[in-house]
Amino acid sequence: MRQRLGMGWIGAAALAVPLAACAAGGTPGEKLPPGQQVSFNDGKTLDQALAGLTPGQPLSCLPQARSPTSSGYGSTVLYRVSRTEIYRNDLGPGCEGVGRGDIMVTQNPIGRSCRGDIIQLLDRGSRFPTGSCAFGDFVPYRRAK
């Protein structure tokens, strides 16, 4: 007697990759300029999110804040500390899934995120690993007073 094999989770995961790429604001394989990357969180581009803010000197660690919100744009993450202060981190290769809403998992041995800390990405739906990379410098952006 022959058994019919279903698609299973591997086949479903293979189909989900092109669909996730389309949802990220482009066709699969399309490389958008960094400023044109659209956030999964709010639908803004990176340029729109940083409009009116001035970059400062890069820091090696993200200053401790109560609970900064984050938004991903391609392989760039913005941490909003307040209405007038945002920290930008351009992640290393392997974390392009941040812009499509993949979940960032970090282990912070000193209790805060610093340059060189490793990030692992998980798909939001399946929790399947999608990449890993390291934090770069944290660049503060502030609104001029």
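When all heavy atoms are compared, the tightest approach of Arg112 to Pro63 is NH1-CA, 4.3 Å. Between Ala134 and Gly116, the shortest heavy-atom distance links the atoms CB-O, 3.9 Å. Closest of all the heavy-atom pairs between Gly94 and Cys133 is C-CB, 4.4 Å. Of all the heavy atoms in Arg143 and Arg83, the pair that sits closest is NH2-O, 3.7 Å. For Cys95 against Ser132, the heavy-atom pair with the smallest separation is SG-C, 3.7 Å.
Put simply, the side chain of Gln48 gets close to the backbone of Thr45: a donor and an acceptor are under 3.5 Å apart. Here the side chain of Asn89 pairs a donor or acceptor atom with the backbone of Gly136 at under 3.5 angstrom.
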**OP:** Check the pair Ile86, Arg80 against side-chain contact (heavy atoms from CB on, under 4.5 Å), reporting the backbone distance first and the verdict last.
**Re:** CA-CA 4 Å; Ile86 293 176; Arg80 182 174 299 279; 3.3 Å; yes

Subject >> Test side-chain contact (heavy atoms from CB on, under 4.5 Å) applied to Arg88 and Phe138, step by step >> reply: CA-CA 6 Å; Arg88 175 182 180 161; Phe138 291 87; over 6 Å; no

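Residues Tyr87 and Leu78 fail the side-chain proximity criterion, which asks for heavy atoms closer than 4.5 Å. No side-chain heavy atom of Ser71 sits less than 4.5 Å from a side-chain heavy atom of Tyr79. With contacts defined as side-chain heavy-atom distances shorter than 4.5 Å, the pair Leu91/Val77 qualifies. Contact of the Ile119 side chain with the Met104 side chain is registered, since non-hydrogen atoms from C-beta on lie closer than 4.5 Å.
One finds the CG atom of Asp90 at 4.0 Å from the OG1 atom of Thr76 (value rounded to the nearest 0.5 Å).
There is no side-chain donor-acceptor pair under 3.5 Å between Thr106 and Asp117. Checked by atom type, the side-chain pair Thr130/Asp102 shows a donor-acceptor distance below 3.5 Å.
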Can you give the donor-acceptor pairs under 3.5 Å from side chains of residues 50-61 to other protein atoms, not counting sequence neighbours?
none

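Contacts of Thr69 classified as side-chain hydrogen bond (donor to acceptor under 3.5 Å, both in side chains), with partners at least two apart in sequence or in another chain: none. By the salt bridge (Lys or Arg N to Asp or Glu O under 4.0 Å) test, Arg115 is found to be paired with Asp137, residues two or more places apart in sequence or in another chain being considered.
No continuous path of hydrophobic side-chain contacts links Phe135 to Leu122 [ILVMFWY only; heavy atoms under 4.5 Å].
The only member of Val105, Ile103, Val98 that meets side-chain contact (heavy atoms from CB on, under 4.5 Å) when paired with Leu121 is Val98.
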